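Take this structure first; my questions come after.
These numbers come from a predicted model, not from an experiment. Residue indices begin at 1 and follow the sequence shown. When a ligand or atom number is given, it counts from 1 through the structure's own listing order.
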Amino acid sequence: MKRWNVAITGFGGVGRAVADLMLARRARYAERYGADIRLTGVRRSRTASVDPNGLAPGDWDAGVPAGDDFLDTAQAHVLIEAGPSDFRTGGPGYGYMKAALSAGLHVVAISKGALVHDGPGLRALAARHGARLKISGAAGAALPTIDLIQHNLAGCHILSIEGVLNATSNHLLTEMMDRDVNLADALTRAQDAGFAEFDPRLDVEGWDAASKLLILLNFGLGASLTMADLSVGGIQHVTPADIHGWRAAGLSPRLVAHVAWTDGTLRAGVELRTYPATDPFALVRGTTKAIRIVTDAMGEIVATSHAAEPGATAAAALKDLEHILAAG
Ligand SMILES: NC(=O)c1ccc[n+]([C@@H]2O[C@H](COP(=O)([O-])OP(=O)(O)OC[C@H]3O[C@@H](n4cnc5c(N)ncnc54)[C@H](OP(=O)(O)O)[C@@H]3O)[C@@H](O)[C@H]2O)c1
């Protein structure tokens with residue numbers, strides 16, 4: 001049995017869901033991979049709980065002030081990063097990931113900030129130190145995106161990608177189409193229901209979808225792009241007249257992250273597109289997310305996912321952990 005110590009940075013809704021599910025699956029890891037998985041450290045903004053022999057669920061609420069040596073004291077082999085996403089600076093996750101990868105630890109990223117801020121740099125750092133950097137949780141989570149590209153479509157030439165990658169904007173568009181409400185009213189209802197952010201600009205103006213697309217491009221397709229290379233639009237300018245026009249024409253609006261190559265030139269961004277009732281994207285309603293990939297040899301693949309809660313995100317991150325365990 002090989003010992004694997006796992007540390008988690010960021011211990012909010014998602015970090016806790018990861019811890020719960022990972023410990024519940026310990027027997028599976030032992031049986032399938034010969035892996036003795038221990039959660040040896042969790043770190044919040046100010047406090048950390050560490051036990052190199054493994055924390056039990058009751059242990060992780062009693063923290064002590066966190067130090068810079070968190071990964072060392074946790075004797076971690078794998079870091080799961082689930083702290084806040086800060087696209088401008090990379091957030092605290094950027095520092096944790098750099099420290100982990102530099103020390104040869106494998107990293108499972110769930111936060112998006114560091115991957116958007118310096119994806120190519122982190123990718124290079126991982127390669128230099130023989131570490132694996134897995135990003136499913138940051139690129140659609142339960143919706144298969146990066147694994148679809150890297151595993152299921154391996155060897156194919158990808159011609160184009162379209163993704164409904166932001167659940168909140170899709171929910172808002174669906175409400176506007178179904179209930180004839182304007183964007184402000186749809187947003188207020190979503191905030192009251194607790195699933196739109198207090199500051200929804202990242203969702204509504206397309207930046208969250210763009211960040212997932214950028215991560216996919218840089219990690220799935222080997223690009224080295226920045227946000228400045230994408231043209232990013234949102235749904236903030238959709239008017240009641242637009243809604244009536246689409247409804248009359250039998251079209252469904254979707255905020256779509258897209259990439260395509262024209263004469264060898266890549267065009268990528270986020271924009272509002274409309275689809276007829278016969279298109280699979282017309283069925284992608286409410287908080288459902290979707291991706292469509294067109295390839296040379298395997299044709300068109302469409303995947304959808306409705307699961308968005310922290311438990312589903314944790315499961316996506318732990319799928320990444322299993323890929324690390326499988327590779328030894
Ligand atoms: N919700 C989802 O389903 C989902 C899906 C995909 C990706 N994500 C990403 O997952 C991440 C976590 O989401 P969440 O909903 O769990 O957020 P959350 O509940 O707000 O938790 C954030 C956690 O990060 C901790 N934190 C803040 N600053 C830190 C620092 N300097 N060092 C270490 N930890 C720090 C906070 O500590 P305190 O407890 O001390 O405040 C808190 O425990 C976000 O980046 C989000 O974008 C979420």
Side-chain angles (χ1 to χ4, degrees), residues 7-22 39 41-50 55 60-71 73-74 76 79-100 107-117 119 134-146 163 165-171 190 194-203 207-216 219 257 287-289 305-320:
I8 301 176
T9 45
F11 208 58
V14 173
R16 281 173 181 273
V18 170
D20 286 337
L21 192 56
M22 187 175 77
L39 175 62
V42 302
R43 196 199 195 286
R44 293 159 287 260
S45 60
R46 292 191 179 80
T47 60
S49 313
V50 175
L55 295 162
W60 55 49
D61 286 321
V64 297
D68 291 339
D69 56 354
F70 167 70
L71 290 174
T73 52
L79 166 68
I80 300 181
E81 188 353 84
S85 287
D86 181 331
F87 301 122
R88 259 184 331 105
T89 66
Y94 188 38
Y96 296 137
M97 287 191 215
K98 280 195 294 187
V107 171
V108 174
I110 300 175
S111 64
K112 296 177 273 287
L115 303 177
V116 168
H117 179 66
K134 306 285 288 178
I135 55 109
S136 295
L143 175 72
T145 57
I146 184 81
L165 301 180
N166 180 263
T168 302
S169 58
N170 203 47
H171 168 80
F195 62 85
E197 300 294 331
F198 177 69
D199 178 358
R201 282 176 300 180
L202 282 179
D203 297 321
W207 297 108
D208 176 72
S211 71
K212 291 170 185 160
L213 177 66
L214 185 65
I215 292 168
L216 266 187
F219 286 88
T287 53
T288 301
K289 292 185 284 188
S305 168
H306 187 66
E309 63 281 0
T313 302
L318 292 175
K319 168 194 67 173
D320 281 353

Do I146 and L216 come close enough that some side-chain heavy atom pair is under 4.5 Å?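 SC-SC contact between I146 and L216 confirmed.
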Identify the protein heavy atom lying closest to atom 8 (N) of ligand 1, giving its residue, its atom name and the separation to 0.1 Å.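 Atom 8 (N) of ligand 1 sits closest to the protein heavy atom I110 CG2, 4.0 Å.
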Measure the distance from atom 4 (C) of ligand 1 to every protein heavy atom, then report the residue, atom name and distance (to 0.1 Å) of the closest one.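 Its nearest protein heavy-atom neighbour is T313 OG1, 3.7 Å.
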Closest approach of V107 and A100, non-hydrogen atoms and distance?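 Minimum heavy-atom contact is CG2-CB, 3.7 Å.
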For atom 33 (C) of ligand 1, the protein heavy atom that lies nearest, with its residue and separation: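 Ranked first by proximity to atom 33 (C) of ligand 1 is R44 O, 3.1 Å.
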Can you pull out the closest protein heavy atom to atom 6 (C) of ligand 1? Residue, atom name and distance to 0.1 Å, please.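 For this ligand atom, the closest protein heavy atom is G137 O, 3.4 Å.
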Mode of T9 contact toward ligand 1 - side chain, backbone, both, neither (heavy atoms, under 4.0 Å):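 Near ligand 1, T9 shows nothing, with every heavy atom at 4.0 Å or more.
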F11: which residues meet the ring-ring contact (aromatic ring centres under 6.0 Å, His included) condition with it, sequence neighbours left out?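 W60.
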Is it the case that ligand 1 has an N or O less than 3.5 angstrom from some N or O of F11?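 Yes - when backbone and side-chain N and O of F11 are compared with those of ligand 1, one distance drops under 3.5 Å.
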Minimum heavy-atom separation for S111 to E81, with atom names?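 Looking at all heavy atoms of both residues, the shortest contact is OG-OE2, 2.6 Å.
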Yes or no, since that's all I need: does a protein heavy atom fall within a distance strictly under 4.0 Å of atom 17 (O) of ligand 1?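 No, no protein heavy atom sits under 4.0 Å from atom 17 (O) of ligand 1.
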Before signing off on this row, confirm whether Y96 and ligand 1 have an N or O atom pair separated by under 3.5 Å.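 There is such a contact, yes.
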Ligand 1-proximal atoms of A82, by part, heavy-atom distance under 4.0 Å: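 Only the backbone of A82 comes within reach of ligand 1.
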Does the protein put a heavy atom under 4.0 Å from atom 45 (O) of ligand 1?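 There is a protein heavy atom less than 4.0 Å from atom 45 (O) of ligand 1.
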Which atom names give the shortest non-hydrogen contact between L55 and V50, and what distance separates them?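 L55 and V50 have their closest heavy atoms at CD2-C, 4.1 Å.
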Nearest neighbour of atom 27 (C) of ligand 1 from the list S211, P84, G83, A114, on a heavy-atom basis: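 Looking at heavy atoms only, the winner is P84.
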Identify, by atom number and element, the atoms of ligand 1 in contact range of K112, meaning under 4.0 Å from any of its heavy atoms.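 Counting atoms of ligand 1 from 1, those under 4.0 Å from K112 are 7 (C), 47 (O).
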Atom 41 (O) of ligand 1: which protein heavy atom is closest, and how many Å away?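 Going by distance alone, atom 41 (O) of ligand 1 is nearest to S45 OG, 3.8 Å.
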For atom 42 (C) of ligand 1, the protein heavy atom that lies nearest, with its residue and separation: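 Protein heavy atom at minimum distance: G12 N, 3.7 Å.
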Check ion pair R16-D20 (N to O, under 4.0 angstrom):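 The answer is no: the pair does not qualify as a salt bridge.
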Quick test: of every protein heavy atom, which one is nearest to atom 47 (O) of ligand 1, and how far off is it to 0.1 Å?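 The answer is S85 OG, 3.2 Å.
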Evaluate A141 for polar contact with ligand 1, using N/O atom pairs at a separation under 3.5 Å.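 In fact, backbone or side chain, A141 has no N or O that close.
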For S49 and R44, which heavy atoms make the closest approach, and how far apart are they?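 Heavy atoms of S49 and R44 come nearest at OG-NH2, 2.9 Å.
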When you measure from the side chain of K289 to the backbone N and O of L143, does any donor-acceptor pair fall under 3.5 Å?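 No.
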Donor-acceptor under 3.5 Å (D320 side chain, S136 main chain):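 The answer is yes, because a donor-acceptor pair under 3.5 Å joins these two groups.
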Which protein heavy atom lies closest to atom 48 (C) of ligand 1, and at what distance to 0.1 Å?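 Of the protein heavy atoms, V14 CG2, 3.7 Å lies nearest.
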